[in-house]
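Below: the structure, in structure tokens.
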Amino acid sequence: MHRRQFLKTLAIGAATIAPIANYPWSNAARAATNRTTDLSISKRVVEVNGKAATVFQLGTADGKPGLVLNAGGDFNVNLLNQSGADTLIHWHGLTPPWGMDGVPDNPAKLLAAGENRHYLFPVGQGGTHWMHAHTLQEQALLAAPLIVRTAADLARDEQEVVILLHDFSFKSPEELLAGLKAPGSSGAMAGHDGAAADMGSMMQGMEGMHQQHMPGVTMPGMAAMDLNDIEYDAYLANDRTLDDPEVVAVEKGGRVRLRIINGATATAFTIDIGTLPGELIAVDGMDIVPRQGSRFPVSMGQRLDIRLRLPSGSGAFAILALREGAKERTGIILATADASISKVATMAADSGPVLDLAVEEALQAANPLAERAVDRTYALTLTGDMASYVWEIGAADGPMEVATGNRVELVMRNMSMMAHPMHLHGHHFQVVGINGKRINGAVRDTVLVPPMATVAVRFDAANPGHWPFHCHHLYHMATGMMSFVAYENAI
């Protein structure tokens with residue numbers, strides 16, 4: 001049975017398994033045309049751990065979250081803010097003109113409550129992208145998938161399953177931020193007695209180290225490293241925990257393309273596909289030379305496309321997201337119509353892996369940047385004040401001012417005690433160096449820089465504007481870890 005025939009019979013088979021969540025991408029392609037699409041920001045109530053919570057919704061007029069568009073067409077969207085609060089939406093992974101993206105310091109400013117704004121620009125090539133608030137509202141689930149499908153995607157005999165990961169708290173983001181900044185807070189990365197660690201001696205002692213350590217690991221004269229500075233109430237996959245996971249009906253012997261988005265604000269994961277044969281085929285919506293494996297890291301803001309081949313017999317297969325350095329996990333279940341589905345615990349026996357750059361170093365772009373000389377290089381130092389919870393990007397060569405057409409290289413050195421997923425708006429870059437080793441790495445828009453690591457990326461300045469470059473840990477960005485790449489002829 002081919003995918004199209006299978007989808008027609010899906011409703012019958014799905015009746016024998018757990019209810020499927022109201023996510024339009026789980027079992028059917030929903031390709032939009034170039035007509036104007038209405039997209040609204042509103043409020044909704046979700047149940048997490050048996051408790052109700054009011055969160056945001058970002059979806060179409062039919063109440064379904066997210067957008068699915070066709071490559072080569074237009075991003076033609078009316079965005080209506082019905083949430084009752086001003087906000088700002090970023091089209092993460094797309095490369096719109098500066099004035100069409102929801103970026104800080106943009107002339108368009110905030111989208112006011114009740115305001116309707118029209119966006120029209122070329123959507124570009126295909127890929128797994130997403131859209132989210134560029135405010136603290138991102139913590140309150142103001143995020144949704146933004147999938148751009150190519151003609152080849154639509155023709156392929158392959159089922160698509162989109163997974164949006166998130167970390168959830170019943171506290172407001174303002175409360176979480178206040179807790180991080182509170183004196184003596186464990187999330188503030190202070191020394192164990194609450195006093196700020198001496199950054200100079202810490203950095204000197206950390207020279208040459210490129211691996212992140214587990215919480216509580218110390219070295220003489222240094223504060224403990226911390227992987228997770230917020231303990232969340234739940235970790236979600238498509239708005240649900242493993243206590244009540246989404247169950248997606250799949251075909252025996254079928255091929256599945258997972259489109260995984262880490263929309264978490266402060267949590268990195270490792271994706272675990274178990275015993276299923278799988279290969280990573282794209283990162284951040286950009287094709288790579290396929291890489292086989294069963295576990296793949298994904299930091300905040302990053303996306304993974306993983307192709308699976310299902311066995312010919314019946315079965316239920318958990319696709320898990322393991323919280324970094326902790327036992328919590330979330331995920332979904334892929335199941336054939338006659339499968340017996342067992343409960344998967346939200347707590348694993350072992351902690352999830354600590355993210356490093358081993359996989360990143362091995363990735364190769366399917367379509368790397370053309371070879372040419374670099375016109376501008378900026379050395380950037382990522383730092384943080386653990387006690388006051390202030391994070392910064394220092395540029396040794398001054399503001400990142402470039403000219404249209406420049407080939408630009410950014411060399412990021414993380415001298416703080418936490419990892420930083422660094423994201424550039426309006427562009428894709430290629431990873432070209434890790435800890436001094438030159439590589440022909442993946443093309444992407446968000447790259448992880450672990451403590452004491454150095455990562456170099458290159459991009460072509462072909463989209464004028466005043467573009468944010470920031471850490472995609474929401475609270476690092478909110479407390480100072482943001483800079484800008486500015487074009488001299490910004491429009």
### Pair E328-M347, side chain to side chain contact (heavy atoms under 4.5 Å, CB included): steps then yes or no
CA-CA 5 Å; E328 291 89 349; M347 298 290 286; 3.6 Å; yes
### Task
Using a cut-off of 6.0 Å, state whether more than 12 heavy atoms not belonging to K51 lie near its atom NZ.
no
### Query
Do W91 and Y119 have ring centroids that are under 6.0 Å from one another?
yes
### Query
Are E160 and R257 ion-paired here, with the side-chain N under 4.0 Å from a carboxylate O?
no
### Ion pair check, D445 and R303, cut-off under 4.0 Å
yes
### Aromatic ring proximity, centroids under 6.0 angstrom, W391 and H420
yes
### Message
With rounding to the nearest 0.5 angstrom, report the CD1 to CG distance, I147 to L67.
### Response
10.0 Å
## Note on the structure
Of all heavy-atom pairs linking Y232 and A266, the shortest is OH-CB, 3.5 Å
### Message
Rounded to the nearest 0.5 Å, what separates atom CD1 in I393 from atom CE in M412?
### Response
9.0 Å
### Message
Quick check: do Q139 and D167 have side-chain heavy atoms less than 4.5 Å from each other?
### Response
yes
### Task
Kindly indicate, with the supporting measurements, whether the criterion side chain to side chain contact (heavy atoms under 4.5 Å, CB included) is fulfilled by T241 and F168.
CA-CA 10 Å; T241 70; F168 175 82; over 6 Å; no
## Note on the structure
For E324 and N228 the tightest heavy-atom approach is O-ND2, 2.7 Å
### Message
So C471 and P421, do their side chains get closer than 4.5 Å, heavy atoms only?
### Response
yes
## Note on the structure
Rounded to the nearest 0.5 Å, the CZ atom of R329 sits from the OG atom of S351 at a distance of 11.5 Å
### Task
Please report the C-alpha distance between E246 and D239 in whole Å, then the side-chain angles of each, then the deciding distance to 0.1 Å, and finally whether the side chain to side chain contact (heavy atoms under 4.5 Å, CB included) criterion is met.
CA-CA 9 Å; E246 179 181 13; D239 289 347; over 6 Å; no
### Query
Can you list the steps and then say if E158 with R149 is a salt bridge (Lys or Arg N to Asp or Glu O under 4.0 Å)?
CA-CA 13 Å; E158 183 174 81; R149 292 197 178 105; over 6 Å; no
### Where A486 and H466 come nearest, the two heavy atoms and their spacing
CB-ND1, 3.5 Å
### Query
Is any side-chain heavy atom of L79 closer than 4.5 Å to a side-chain heavy atom of L111?
yes
#### Entry: Check: H90/H423 side-chain N/O donor and acceptor closer than 3.5 Å
yes
### Summary
For P96 and W467, the nearest pair of non-hydrogen atoms, with its separation, is O-CH2, 3.3 Å
### Message
If only side-chain N and O atoms count, and only distance matters, is there a donor-acceptor pair under 3.5 Å linking T265 with E138?
### Response
no
### Message
Please report the interatomic distance CG(L380) to CZ(R413), rounded to the nearest 0.5 Å.
### Response
12.5 Å
### Query
H134 and ring-ring contact (aromatic ring centres under 6.0 Å, His included): which partner among H470, H92, H472?
H470
### Query
Is E231 salt-bridged to R323, cutoff N-O under 4.0 Å?
yes
#### Entry: Residue pair A419 / N414: nearest heavy atoms and the distance that separates them
CA-ND2, 4.0 Å
### Query
Which heavy atom in G301 sits nearest to a heavy atom in W130, and how many Å separate them?
O-NE1, 3.5 Å
### Query
Between H425 and H427, does the ring centroid distance fall short of 6.0 Å?
no
### Task
For atom CD of Q125, decide whether the heavy atoms of other residues, nucleotides or ligands shown that lie under 6.0 angstrom number more than 12.
no
### Separation of L236 CG from L164 CG (nearest 0.5 Å)
9.0 Å
#### Entry: Value rounded to 0.5 Å, distance of CG in L258 from CG in L308
4.5 Å
### Criterion side chain to side chain contact (heavy atoms under 4.5 Å, CB included) on D284 and H428, from CA distance to verdict
CA-CA 9 Å; D284 295 358; H428 294 98; 5.6 Å; no
### Message
Please check if the number of heavy atoms outside N367 that lie under 6.0 Å from its CG is greater than 12.
### Response
no
### Message
Between T128 and R259, do the side chains contain a donor N or O and an acceptor N or O under 3.5 Å apart?
### Response
yes
### Message
Quick one, M422 and L382 - any side-chain contact, counting heavy atoms below 4.5 Å?
### Response
yes
